[in-house]
K.L.:
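Mind having a look at this structure? Questions to follow.
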Amino acid sequence: MKIVKPEALNYESGPRAVMLLHSFTGTVRDVKLLAQHLEQHEYTVHVPSFEGHGMGPEALVKSGPEDWWKNVLDGYDQLKDQGHENIAVGGVSLGGVLALRAAEELDSINGIVAMSVPQGRDVEDINRRVLNYTRNFLKFTGEDDEKIMERVQYYKDNPMESLDDFRKLIDEVHGNLGDIGVPAAVKYGGKDAEAYMDSAKHIYDGIDHNEKTLQSYADTGHLMTRGGDQQALFEDTRKFFDSLDWQ
């Protein structure tokens with residue numbers, strides 16, 4: 001089976017610009033429907049494709065947080081070059097971590113939506129995502145069970161080298177929440193692990209801005225943009241972006 005490298009998504013529909021960021025081991029498809037929803041309401045939307053994602057475990061393990069952050073910066077610069085003075089950012093899981101980092105470090109961010117953001121993860125915990133991804137990807141591409149077991153065991157014995165950098169990124173972003181001075185909508189799935197509810201509450205408490213919300217979606221798991229409350233999530237996210245200062 002031929003695997004096609006995921007490309008960044010670009011929707012140009014209006015003067016308000018949003019960057020949407022996908023999950024770890026996910027692709028732009030995570031947020032494509034949300035991007036299209038925003039486009040229908042006259043938003044320009046850019047969705048970076050993170051380095052190493054969507055091409056299988058061998059590509060993934062060669063990438064790391066600074067590669068993904070560069071993808072964010074490139075998307076930010078692209079929107080700035082198009083003349084957008086204010087840029088809102090939304091992300092799920094890894095994308096939520098990077099959305100928070102953008103609000104902490106970049107000048108033109110005017111609001112963020114952070115969904116299913118991890119906290120306090122260790123390397124072994126993160127590597128389980130890599131192992132699950134390896135198993136699912138190889139099954140999808142038609143590999144036999146023996147080859148799948150062999151590759152999963154390999155990545156269990158030889159974890160992705162950048163996982164500790166990923167862990168540090170999560171900790172640093174949570175440690176710098178006080179630097180966020182823009183409106184924020186923090187969201188978590190009611191069907192997700194309890195740790196994500198705790199993380200969402202920590203983010204909400206740590207953000208130093210009076211325009212912030214914390215919201216749970218009862219029929220939604222970790223990948224919130226594909227959950228049972230999808231339409232409500234999309235509407236709430238758009239209304240939040242509508243409320244921002246776009247001058």
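Excluded from the calculations below are hydrogen atoms, water molecules and symmetry mates; all remaining heavy atoms, backbone and side chain alike, are included.
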K.L.:
Let's go through Arg121 and Phe166 carefully: what are the C-alpha distance in whole Å and the side-chain angles of both, what is the deciding distance for side-chain contact (heavy atoms from CB on, under 4.5 Å) to 0.1 Å, and is it a yes or a no?
P.N.:
CA-CA 9 Å; Arg121 305 292 291 273; Phe166 189 5; over 6 Å; no
K.L.:
With distance as the sole test, does Ser108 use its side chain to make a donor-acceptor pair with the main-chain N or O of Asn86 at under 3.5 Å?
P.N.:
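Judged by distance alone, no pair lies under 3.5 Å.
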K.L.:
Less than 4.0 angstrom from a charged side-chain N to a carboxylate O is my criterion; do Lys239 and Asp236 meet it?
P.N.:
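So Lys239 does not pair with Asp236 through a salt bridge.
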K.L.:
Quick check: do Gln215 and Lys187 have side-chain heavy atoms less than 4.5 Å from each other?
P.N.:
yes
K.L.:
Are Met55 and Phe137 close enough that some pair of their side-chain heavy atoms sits under 4.5 Å apart?
P.N.:
no
K.L.:
Measure the CG-NZ distance between Leu73 and Lys80 for me, rounded to the nearest 0.5 Å.
P.N.:
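Taking CG in Leu73 and NZ in Lys80, the distance rounds to 12.5 Å.
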K.L.:
Specify whether His22 and Phe50 have parallel, tilted or perpendicular ring planes, treating 30° as the upper limit for parallel and 60° as the lower limit for perpendicular.
P.N.:
tilted
K.L.:
More than 12 heavy atoms of other residues, nucleotides or ligands under 6.0 Å from CG of Asp145: yes or no?
P.N.:
no
K.L.:
Are Ile207 and Val92 joined in one hydrophobic group, where the rule is that I, L, V, M, F, W and Y side chains link up if heavy atoms are under 4.5 Å apart?
P.N.:
no
K.L.:
Pro57 and Tyr133: which non-hydrogen atoms are nearest, and at how many Å?
P.N.:
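For Pro57 versus Tyr133, the nearest heavy atoms are N-CE2, 3.7 Å.
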K.L.:
Do the side chain of Thr225 and the main chain of Asp30 share a donor and acceptor less than 3.5 angstrom apart?
P.N.:
yes
K.L.:
Tell me whether Asp208 contacts the main-chain N or O of Gly181 through its side chain, where contact means a donor paired with an acceptor under 3.5 Å.
P.N.:
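Not at all, since once roles are kept as given, no pair shorter than 3.5 Å links the two residues.
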K.L.:
Using the side-chain hydrogen bond (donor to acceptor under 3.5 Å, both in side chains) rule, take Arg135 and Asn132 through it: C-alpha gap first, then chi angles, then the decisive distance, then the call.
P.N.:
CA-CA 5 Å; Arg135 188 178 296 108; Asn132 287 335; 2.9 Å; yes
K.L.:
Looking at Ala200, is its backbone amide N or carbonyl O close enough to the side chain of His202 to form a donor-acceptor pair, meaning the two atoms are under 3.5 Å apart?
P.N.:
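A pair under 3.5 Å: no.
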K.L.:
So if you build clusters from Ile, Leu, Val, Met, Phe, Trp, Tyr with side-chain heavy-atom gaps below 4.5 Å, do Val18 and Ile112 land together?
P.N.:
no
K.L.:
Which pair of heavy atoms, one from Ser162 and one from Ser63, lies closest together, and at what distance?
P.N.:
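For Ser162 and Ser63, the tightest heavy-atom pair comes out as OG-O, 2.8 Å.
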K.L.:
Taking all atoms of both residues into account, what is the closest heavy-atom pair of Ser116 and His222, and its distance?
P.N.:
OG-O, 2.6 Å
K.L.:
Can you measure from CE (Met197) to OG (Ser216) and round to the nearest 0.5 angstrom?
P.N.:
8.5 Å
K.L.:
Given 3.5 Å as the limit, does a donor-acceptor pair link the side chain of Thr134 with the main chain of Val130, or not?
P.N.:
yes
K.L.:
Would the distance check show the side chain of Tyr154 and the main-chain N or O of Pro159 forming a donor-acceptor pair, the cut-off being under 3.5 Å?
P.N.:
no
K.L.:
Look at the side chain of Asn127 and the backbone N and O of Val123, then say whether any donor-acceptor pair between them is shorter than 3.5 Å.
P.N.:
no
K.L.:
Does Arg101 come within less than 4.0 Å of Glu66, counting only side-chain N to carboxylate O?
P.N.:
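Looking at Glu66 together with Arg101, the answer is yes, because their closest N to O distance falls below 4.0 Å.
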K.L.:
Spell out, as yes or no, whether a donor-acceptor pair under 3.5 Å connects the side chain of Lys212 to the backbone of Tyr204.
P.N.:
yes
K.L.:
Can you tell me how far the CZ atom of Arg29 sits from the OG atom of Ser49, to the nearest 0.5 Å?
P.N.:
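Rounded to the nearest 0.5 Å, the CZ-OG separation comes out at 9.5 Å.
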K.L.:
Quick one: does Ser23's side chain have a donor or acceptor within less than 3.5 Å of a partner on Ser93's backbone?
P.N.:
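No, the answer is negative, given that no donor and acceptor are paired below the 3.5 Å cut-off.
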K.L.:
Backbone N or O of Asp219 within a donor-acceptor pair of the Asp229 side chain at under 3.5 Å?
P.N.:
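Yes; at least one donor-acceptor contact below 3.5 Å.
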K.L.:
Establish whether Met19 and Val97 are linked, either directly or via other cluster members, by ILVMFWY side-chain heavy-atom contacts under 4.5 Å.
P.N.:
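Shared cluster, yes.
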K.L.:
Determine, for Arg238 against Glu235, whether the closest basic-nitrogen to carboxylate-oxygen distance falls under 4.0 angstrom.
P.N.:
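Result for this pair is yes, salt bridge flagged.
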K.L.:
Would you say Leu20 and Lys32 make side-chain contact, with heavy atoms under 4.5 Å?
P.N.:
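Leu20 vs Lys32: side chains apart.
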K.L.:
Report the relative orientation of the aromatic rings in Tyr43 and Trp246; use parallel for angles under 30°, tilted for 30 to 60°, perpendicular for over 60°.
P.N.:
perpendicular
K.L.:
Looking at CD of Glu105 and CD1 of Ile180, how far apart are the two atoms once the value is rounded to the nearest 0.5 Å?
P.N.:
10.5 Å
K.L.:
Please state whether the rings of His37 and His41 are parallel, tilted or perpendicular, taking 30° and 60° as the class boundaries.
P.N.:
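Taking His41 first and then His37, their aromatic rings sit tilted (interplane angle of 30° to 60°).
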K.L.:
Which is it for Tyr76 and Ile87 under the side-chain contact (heavy atoms from CB on, under 4.5 Å) test, yes or no, and what are the steps along the way?
P.N.:
CA-CA 8 Å; Tyr76 174 83; Ile87 300 167; 3.7 Å; yes
K.L.:
Between Gln40 and Phe234, is any pair of side-chain heavy atoms under 4.5 Å apart?
P.N.:
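The answer is no; the side chains never approach within 4.5 Å.
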K.L.:
Would one find more than 12 heavy atoms of other residues, nucleotides or ligands at under 6.0 Å from atom CD of Gln82?
P.N.:
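More than 12 within 6.0 Å, yes.
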K.L.:
So do Asp245 and Asn110 actually touch side chain to side chain, heavy atoms under 4.5 Å?
P.N.:
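No; the side chains remain at least 4.5 Å from each other.
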K.L.:
Identify the heavy atoms of Thr220 and Met224 that sit nearest to each other, and give their distance.
P.N.:
CG2-CA, 3.4 Å
K.L.:
Under 4.0 Å between a side-chain nitrogen and a carboxylate oxygen: does that hold for Asp125 and Arg128?
P.N.:
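Yes.
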K.L.:
Does the pair Lys201 and Asp205 meet the rule for a salt bridge (Lys or Arg N to Asp or Glu O under 4.0 Å), with working shown?
P.N.:
CA-CA 6 Å; Lys201 291 179 178 178; Asp205 290 340; over 6 Å; no
K.L.:
Under a 4.5 Å cut-off applied to non-hydrogen side-chain atoms, are Leu100 and Ile203 in contact?
P.N.:
yes
K.L.:
Hydrophobic clustering (ILVMFWY, side-chain heavy atoms < 4.5 Å, transitive) - are Leu21 and Phe24 grouped together?
P.N.:
yes
K.L.:
Could you check Val61, Ile126, Asp122 and say which one makes a side-chain contact (heavy atoms from CB on, under 4.5 Å) with Leu163?
P.N.:
Ile126
K.L.:
Flag the pair Lys168 and Asp164 as a salt bridge only when some basic side-chain nitrogen lies within less than 4.0 angstrom of an acidic carboxylate oxygen.
P.N.:
yes
K.L.:
Work out which heavy atom in Ala103 is nearest to a heavy atom in Val182; give both atom names and the distance.
P.N.:
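In terms of heavy atoms, the two residues are closest at CB-CG2, 4.2 Å.
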K.L.:
Kindly indicate, with the supporting measurements, whether the criterion side-chain contact (heavy atoms from CB on, under 4.5 Å) is fulfilled by Tyr188 and Ser199.
P.N.:
CA-CA 9 Å; Tyr188 65 96; Ser199 175; over 6 Å; no
K.L.:
Consider only side-chain heavy atoms of I, L, V, M, F, W and Y, link residues closer than 4.5 Å, and tell whether Val117 and Ile109 are in one cluster.
P.N.:
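Per the 4.5 Å side-chain linkage, Val117 and Ile109 are co-clustered.
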K.L.:
Val173 vs Leu98, test: side-chain contact (heavy atoms from CB on, under 4.5 Å). Steps then yes/no.
P.N.:
CA-CA 8 Å; Val173 164; Leu98 294 173; over 6 Å; no
K.L.:
Hey, could you give me the CD/CD distance between Glu104 and Glu172, rounded to the nearest 0.5 Å?
P.N.:
9.5 Å
K.L.:
Taking the side chain as every heavy atom from C-beta outward, state whether Leu244 and Arg16 have any pair of such atoms under 4.5 Å apart.
P.N.:
no
K.L.:
Tell me the closest heavy-atom pair linking Val45 and Glu39, and the distance in Å.
P.N.:
CG2-N, 4.4 Å
K.L.:
Would you compute the distance between atom OG1 of Thr44 and atom CG of Leu79 and round it to the nearest 0.5 angstrom?
P.N.:
8.0 Å
K.L.:
Under a 4.5 Å cut-off applied to non-hydrogen side-chain atoms, are Tyr155 and Met160 in contact?
P.N.:
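SC-SC contact between Tyr155 and Met160 ruled out.
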